[in-house]
Amino acid sequence: MGSGPVLSISSQVAFGHVGNSVSVPALQASGIAVFSVPTLVSSNHPGLGKPFGFQVTAPQLASLFEALEERGALDDCAAVITGYFVAADQVAAVARLLRRLKARERPPYVMVDAIIGDDDKGRFVPEDVAVALRDELRPLADGIKANRFELQWLTGVEVVDAESASRAARMLGVAEVLASSIPAGPSRIANLHVAGGTVAMEATRKQAGVPKGTGDLLTALW
């Protein structure tokens, strides 16, 4: 990946730290310039109480991307991170942008945070959004971040430990996968980095009351 700016496409909240509201500060703290485009603007994460917000429509997203391109803002874009989507046509709009960027002589690294659901709530995005992430963004990705539930949903492989998670990760057909919340023994979970034939794992004690947005932060830091 080059040293240019990063385009971060995800949700944005006024109160709390999820989506772009956590990934952008993390990237900026690392000295990286960030262009932030929201898919959803909300008062807060639903876990903090009933939110008020509004969706950025697919045509609006497309217009934002076109304006950035017209101004040359994405000429030296080193990476694109995608996160939370509300609607499948938003995913399609991002896929069209990625195909344009991927056609360049120096294409950006594309990191897809496959936000689909988790073990506590199951799938929490519409099914057509999950399908679009799998069928439209996955083929354009260099890296994918997925928790245990998402990795299992994307591949149809039952993920119960590091071995099955590694097997599922390789089925995604991308250069590298960051798999989070993988069972690693009694009361322990692990993060796995799977790249080719190499698997790196870091396990920790499972804890209750983990704040929202830790997955977004992990993706940005990676």
Side-chain angles (χ1 to χ4, degrees), residues 5-65 67-68 73-74 77 79-95 97-98 110-130 132-133 137 141 143-150 153 178 180-181 189 191 207-222:
V6 169
L7 173 63
S8 183
I9 306 166
S10 191
S11 59
Q12 180 177 325
V13 296
F15 174 54
H17 302 283
V18 297
N20 280 343
S21 297
V22 68
S23 60
V24 171
L27 290 163
Q28 290 174 331
S30 299
I32 298 171
V34 189
F35 301 124
S36 173
V37 174
T39 56
L40 170 73
V41 178
S42 182
S43 57
N44 55 271
H45 186 280
L48 298 177
K50 185 178 180 180
F52 169 80
F54 53 89
Q55 173 186 337
V56 179
T57 67
Q60 289 171 333
L61 279 179
S63 295
L64 285 168
F65 297 147
L68 288 173
L74 303 182
C77 183
V80 179
I81 299 174
T82 72
Y84 182 75
F85 290 99
V86 182
D89 59 354
Q90 290 180 322
V91 179
V94 172
L97 169 68
L98 293 179
V110 174
M111 174 64 189
V112 173
D113 189 351
I115 299 176
I116 295 172
D118 57 31
D119 286 328
D120 292 337
K121 295 183 178 179
R123 178 173 53 80
F124 52 62
V125 300
E127 185 174 6
D128 60 349
V129 170
L133 286 171
L137 289 193
I144 289 179
K145 152 65 171 62
N147 61 32
R148 191 212 68 82
F149 175 90
E150 292 157 347
W153 194 96
L178 184 62
S180 62
S181 301
I189 57 173
N191 291 334
Q207 300 183 39
V210 177
K212 304 297 182 182
T214 54
D216 301 307
L217 176 61
L218 178 61
T219 301
L221 292 176
W222 181 35

Sub-3.5 Å donor-acceptor pair from the side chain of [X] to the main-chain atoms of [Y], do we have one?
| X | Y | answer |
| --- | --- | --- |
| Gln60 | Val56 | no |
| Glu150 | Ile116 | yes |
| Ser21 | Gln12 | no |

### Task
Go through the steps to decide whether Ile9 and Phe65 satisfy the test side-chain contact (heavy atoms from CB on, under 4.5 Å), and finish with yes or no.
CA-CA 10 Å; Ile9 306 166; Phe65 297 147; 3.8 Å; yes
### Task
Could you list the residues that satisfy side chain to side chain contact (heavy atoms under 4.5 Å, CB included) with Thr214, not counting sequence neighbours?
Val210, Pro211
#### Entry: Non-neighbouring partners of Ala73 that pass side chain to side chain contact (heavy atoms under 4.5 Å, CB included), sequence neighbours left out
Phe35, Leu68
Identify the two heavy atoms, one from [X] and one from [Y], that lie closest to each other, and give their separation to 0.1 Å.
| X | Y | value |
| --- | --- | --- |
| Ser43 | Pro51 | OG-CA, 3.4 Å |
| Asn147 | Gly117 | ND2-O, 2.9 Å |
| Val112 | Ala141 | CG2-CB, 3.7 Å |
| Asp89 | Ala58 | O-CB, 3.4 Å |
| Ala26 | Ala220 | CB-CB, 4.2 Å |
| Ser180 | Leu218 | CB-CD2, 4.2 Å |

### Task
Taking side chain to side chain donor-acceptor pair (under 3.5 Å) as the test, write out the residues that go with Gln28, two or more places apart.
none
### Task
Could you pull out all residues at least two apart from Ser11 that satisfy side chain to side chain donor-acceptor pair (under 3.5 Å)?
none
### Task
Could you list all the side chain to side chain donor-acceptor pair (under 3.5 Å) pairs where at least one residue sits in residues 113-127, not counting sequence neighbours?
Asp113-Thr219, Asp119-Arg148
### Task
Can you tell me which residue pairs pass the side chain to side chain donor-acceptor pair (under 3.5 Å) test with a partner in residues 29-42, sequence neighbours excluded?
Asn20-Ser36
Rounded distance (nearest 0.5 Å) linking atom [atom1] of [X] with atom [atom2] of [Y]:
| X | Y | atom1 | atom2 | result |
| --- | --- | --- | --- | --- |
| Ser8 | Ile32 | OG | CD1 | 11.0 Å |
| His17 | Leu217 | NE2 | CG | 10.5 Å |
| Lys145 | Asn191 | NZ | CG | 8.0 Å |
| Phe124 | Tyr84 | CZ | OH | 7.0 Å |

### Message
Going by side-chain contact (heavy atoms from CB on, under 4.5 Å), Leu7 matches just one of Leu98, Thr82, Val80. Which one?
### Response
Val80
### Task
Run the numbers on Leu97 and Leu74 for side-chain contact (heavy atoms from CB on, under 4.5 Å), then give the verdict.
CA-CA 11 Å; Leu97 169 68; Leu74 303 182; 4.2 Å; yes
### Message
The test is side-chain contact (heavy atoms from CB on, under 4.5 Å); show your working for Ile115 and Asp216 and say whether it passes.
### Response
CA-CA 9 Å; Ile115 299 176; Asp216 301 307; 3.7 Å; yes
### Query
Heavy-atom distance under 4.5 Å between the side chains of Phe85 and Leu137, does that happen here?
yes
